[in-house]
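Each chain gets a letter, A, B and so on, in the order its sequence line appears, and its residues count up from 1.
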Amino acid sequence: AQTVTQSQPEMSVQEAETVTLSCTYDTSESDYYLFWYKQPPSRQMILVIRQEAYKQQNATENRFSVNFQKAAKSFSLKISDSQLGDAAMYFCAYRPSGGSNYKLTFGKGTLLTVNP
Amino acid sequence: DTEVTQTPKHLVMGMTNKKSLKCEQHMGHRAMYWYKQKAKKPPELMFVYSYEKLSINESVPSRFSPECPNSSLLNLHLHALQPEDSALYLCASSQEWGLPGQPQHFGDGTRLSIL
């Protein structure tokens, strides 16, 4: 069974600084997808960034980038120039690309606080 | 703007009541999902519908009854719930269940409280 581990229950960052959220996963699959979702307080969960396992290039979306280390099964999220609106719960998630069960497996989440 | 619309936003019900949660999307997605989320926890998958057919039931108690009347609409019928069922219920949709690279789009959720 796949597992996703986020070892930092809470993180804080100063506005305009950079923060990195950690995520590791365990799978025997060779092809899969990894996602970071953001859930602000009392607001909807939205996709931040997505990575395809067979692509070696790290995904980037504006201030958000990932460090994907397939051999180490690591998928960290870097937020640059942090803004107050980045404060949220961040979930790392895994989804296999093969088989028939494409269930999204979430980590336990990291609560990010942005200090002004 | 929320592309997946859930109603109601809040629901308080007694353990003997019957109520329904509603979810609607107009993105042409053919996969729809129900999740249960407790405070400060990740969402837990309950049901998956693919092309209006139930594909996955994660061993959810029968007091939760899903329904997908058409490709845009997903309901969750509730009956005889327990206090531990109090949670945020999230609906999500994606292009197709068999396209795992396509992200799921989530609604704002219904916050359910069982008295």
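Of the listed residues A:L111, A:I46, A:T105, A:L104, the one with more heavy-atom pairs under 4.5 angstrom with chain B than any other is A:L104. Considering only heavy-atom pairs separated by less than 4.5 Å from chain A, the leading option among B:S55, B:G98, B:G109 is B:G98. By number of non-hydrogen pairs under 4.5 angstrom with chain A, the leading residue of B:P43, B:G101, B:P100 is B:P100.
Looking at A:Y33, only its side chain comes within 4.5 Å of chain B, counting heavy atoms on both sides. Only the side chain of B:L88 has a heavy atom closer than 4.5 Å to any heavy atom of chain A. Proximity to chain B is limited to the side chain of A:Y37, based on heavy atoms less than 4.5 angstrom apart. Residue B:Q104 touches chain A through both its backbone and its side chain, counting heavy-atom pairs closer than 4.5 Å. Residue A:M45 touches chain B through both its backbone and its side chain, counting heavy-atom pairs closer than 4.5 Å. Both the backbone and the side chain of B:K40 have a heavy atom closer than 4.5 Å to some heavy atom of chain A. In this structure, chain B has a heavy atom under 4.5 Å from the backbone of A:P96, while its side chain stays farther away. Contact of A:Q39 with chain B is made through the side chain alone, with heavy-atom distances under 4.5 Å.
The environment of CD in B:E84 is crowded: more than 12 heavy-atom neighbours from other residues, nucleotides or ligands sit within 6.0 Å.
With hydrogens and angles left out, the side-chain atoms of B:E96 and B:Y51 include a donor and acceptor closer than 3.5 Å. Between the side chains of A:Y25 and A:T3, no donor-acceptor pair is found at a separation under 3.5 Å. A side-chain N or O of A:S97 and one of A:D31 form a donor-acceptor pair less than 3.5 Å apart. With no hydrogens or angles considered, no side-chain donor-acceptor pair links B:H105 and B:S93 at under 3.5 Å.
The distance from the OG atom of B:S113 to the CE atom of B:M13 is 11.0 Å, given to the nearest 0.5 Å.
A parallel orientation is assigned to the rings of A:W36 and A:F75, their planes being inclined by less than 30° (bins at 30° and 60°).
In summary, of the residues considered (A:V19, A:V48, A:T18), a side-chain contact (heavy atoms from CB on, under 4.5 Å) with A:I79 occurs for A:V19 alone.
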